[in-house]
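So that the names make sense, note that chain A is the first sequence line, chain B the second, and so on, each numbered from 1.
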Amino acid sequence: MSIDKYYITTPIYYVNDVPHIGHSYTTIVADTLARYFRIKLGKENVFFLTGTDEHGDKVAQSAEAKNLSPQEFCDEISAEYKEAWSLLNISNDYFIRTTDKDHEKRVKEIFTKLKNAKTPKGNDVIYQDEYEGLYCTGCEKFLTERDLEDGMCPDHQKEPEIVKEKNWFFRLSDYIKDLEAKILSGEFEILPESRKNETLGLIKQGVGDFSISRESVKWGIELPFDSEQKSYVWVDALSNYITALGYPDDLDNFNKWWPADLHLMAQDILKFHAFYWPAILMALGLELPKREFIHGFFTIDGKKMSKSVGNVISPAELVTRYGTDATRYLLLAQFSFGLESDIKVELFDEKYNADLANGLGNLVARVSNLIEKNFSGKTELKEINIKTNISENIEKYKFNEALKEINKLVAESNQLIDKEKVWELVKSEEKKAYDVLSELASNLLFIAKHLKPFMPETADKIEKIFKAGKIEKPKEALFQRI
RNA sequence: CGCGGGGUAGAGCAGUUGGCAGCUCGGCAGGCCCAUAACCUGCAGGUCGCCGGUUCGAGUCCGGCCCCCGCAACCA
């Protein structure tokens with residue numbers, strides 16, 4: 001398979017929550033892949049999208065609680081995401097917000113298309129039906145069984161009423177067989193394998209139609225053909241992946257990037273991306289994304305992450321303690337991407353010191369110092385090519401394995417210094433010392449090259465040090481020990 | 001019988017298509033002194049949750065059992 005462009009997305013994050021380590025993880029992975037493919041395919045052939053999902057009841061309520069209009073509230077939280085991504089040096093090409101006027105306009109056009117579309121079986125894609133649910137007049141919204149305590153609304157201490165409201169539904173059932181076939185054939189890839197199996201299992205259990213509008217929701221996009229109804233999350237949020245490209249009015253740009261090469265997400269939204277989204281695309285007559293990769297949730301010190309427990313880690317905390325590049329490194333190096341993982345907070349310090357301060361940072365200091373002191377900062381750089389599986393591992397989403405290989409290169413350079421006793425060699429055999437140091441500097445450039453997608457600033461620093469006319473030991477350690 | 005993940009050295013984790021069990025930290029003993037008290041070498045430590053099966057050979061495949069955890073609820 002030859003790839004000539006790469007379109008990668010993160011989910012759009014719901015503004016009801018501020019950015020935490022989970023959002024950061026997904027976004028750092030996306031950024032690393034985007035940077036990797038920019039090097040491989042050229043900057044102009046990669047499009048990396050992230051953004052925020054801003055409609056819905058919960059947002060309206062949170063806004064009210066803070067005495068803000070929904071839009072003001074969204075502006076505030078959305079800005080927090082942008083700031084977090086800037087702290088983490090995220091290189092997204094675009095940041096979409098579902099309250100963008102462009103997006104809202106395009107979503108309406110998509111609704112119109114869906115309204116006019118027929119399923120392969122000749123049925124209307126969307127139809128009106130009654131949604132029956134438990135409605136709390138206090139909350140002014142539908143509750144689920146799980147929301148209730150002893151059959152009562154926990155906030156208003158009264159029993160919800162059974163209320164029916166008319167909603168528009170999407171006829172997913174007419175697409176599910178087709179979808180199953182595409183998943184089985186690999187035309188639509190769901191990774192890892194276990195998530196694909198989970199998806200196929202869900203299909204076996206039966207997947208019903210889903211509702212795409214709400215009468216009771218006020219903060220949302222109005223349906224173009226029914227002014228009583230607002231869009232309910234799915235069509236609005238999922239379609240960000242194509243409205244961001246200009247669909248349906250800027251088809252030139254859209255066709256350049258679509259279909260997406262990779263949608264990244266965590267397990268919570270698997271169902272929507274495995275069923276709803278592809279079905280919507282089929283109804284619009286568009287190609288499905290090539291691949292979706294679903295990763296697991298984090299627990300923190302064995303406990304699930306939750307606001308009420310108060311163990312939520314923010315990206316800013318990590319960046320303050322470790323710096324941008326080290327935060328990126330620690331998140332990617334410590335976990336097998338895809339699996340559910342437990343974050344052990346003390347291990348961040350341990351890994352930071354072992355790999356970055358004692359490992360890479362110290363090596364850069366050793367080599368640059370030896371060159372500066374003994375050869376007036378002069379050396380002979382060679383383009384070297386060590387055979388590694390770093391690229392293969394990145395393309396297989398094995399970021400921890402790729403970084404492990406880089407660490408091995410660091411260790412080998414440290415071993416070489418000791419084996420050759422370079423600090424003695426510079427006194428006894430100047431020529432040989434020069435050659436060994438040239439090799440070491442070249443190794444570091446090789447390491448920097450492969451580190452670029454993971455730690456862009458560090459890679460630049462290393463290149464700057466060793467490509468300088470006069471190599472000098474950096475005044476400030478690359479990674480200060482903690 | 002809701003869905004899913006996991007149980008591998010003291011701790012935390014890797015283990016691609018089955019082929020002599022690896023990594024990091026920690027422990028112990030050396031070396032080195034160029035470097036961020038960093039680096040290098042060696043040693044100790046594992047019945048790979050339990051039972052059974054397939055195989056010349058299983059942590060790895062199959063079946064059963066035990067234990068832990070996540071999702072389904074603010075949340076990637």
Expressed as a whole number of Å, how far does the [atom1] atom of [N] sit from that of [M]?
N      : M      : atom1 : result
B/rA29 : B/rC67 : C1'   : 39 Å
B/rG19 : B/rC61 : C1'   : 14 Å
B/rC65 : B/rC71 : C1'   : 24 Å
B/rG57 : B/rG46 : P     : 26 Å
B/rG59 : B/rC48 : C1'   : 5 Å
B/rG42 : B/rC3  : C1'   : 49 Å
B/rG15 : B/rG31 : P     : 38 Å
B/rG10 : B/rG45 : C1'   : 8 Å

Would you mind telling me which of [options] lies closest to the side-chain atoms of [X]?
X      : options                : answer
A/A365 : B/rG4, B/rA35, B/rA76  : B/rA35
A/Y13  : B/rG4, B/rC74, B/rA76  : B/rA76
A/E350 : B/rA76, B/rG12, B/rC25 : B/rC25
A/E401 : B/rC33, B/rG15, B/rC75 : B/rG15

Could you tell me whether A/E83 atom CD has more than 12 heavy atoms of other residues or ligands within 6.0 Å of it? no
Please indicate whether A/E64 has more than 12 foreign heavy atoms, meaning atoms of other residues, nucleotides or ligands, lying under 6.0 Å from its CD. no
Upstream residue (5' side of RNA chain B) when A/Y81 and A/E424 are each assigned their closest nucleotide: A/E424
With nearest nucleotide decided by heavy atoms, which residue, A/A477 or A/K351, maps closer to the 5′ end of RNA chain B? A/K351
Classify [X] by what it touches in the nucleic acid, base, sugar-phosphate, or nothing, heavy-atom distance under 4.0 Å.
X      : result
A/Y14  : sugar-phosphate
A/L370 : base
A/L478 : base
A/N400 : nothing

Salt-bridge present ([X], [Y]; N to O < 4.0 Å):
X      : Y      : answer
A/D418 : A/R366 : yes
A/D53  : A/R97  : no
A/K473 : A/E372 : no
A/E405 : A/K408 : no
A/K464 : A/D460 : no

Between atom [atom1] in [X] and atom [atom2] in [N], what is the gap in whole Å?
X      : N      : atom1 : atom2 : result
A/Y329 : B/rU24 : OH    : C1'   : 10 Å
A/L330 : B/rU24 : CG    : P     : 16 Å
A/L437 : B/rA35 : CG    : P     : 13 Å
A/N407 : B/rU24 : CG    : P     : 9 Å
A/N16  : B/rA73 : CG    : P     : 15 Å
A/K421 : B/rC34 : NZ    : P     : 13 Å
A/L363 : B/rA35 : CG    : C1'   : 9 Å
A/L440 : B/rA35 : CG    : C1'   : 12 Å

Between [X] and [Y]: side-chain donor-acceptor atoms closer than 3.5 Å:
X     : Y     : value
A/D57 : A/Q61 : no
A/N16 : A/S62 : yes
A/T52 : A/S78 : yes

By salt bridge (Lys or Arg N to Asp or Glu O under 4.0 Å), A/E76 pairs with (sequence neighbours left out) A/K66
For [N], does OP1 or OP2 lie under 4.0 Å from any side-chain N or O of [X]?
X      : N      : value
A/K473 : B/rU36 : yes
A/K271 : B/rC71 : no
A/K373 : B/rC34 : no

Footprint string (nucleotides 37-45 of chain B, 5' to 3'): B base within contact, S backbone only, - free, heavy atoms under 4.0 Å: -SBSS----
Of all the base pairs, Watson-Crick or G-U under 3.5 Å, which form stems of three or more consecutive pairs involving RNA chain B? B:2-7 with B:66-71, B:10-13 with B:22-25, B:27-31 with B:39-43, B:49-53 with B:61-65
Ring geometry between A/F399 and A/F454 (parallel below 30°, tilted from 30 to 60°, perpendicular above 60°): perpendicular
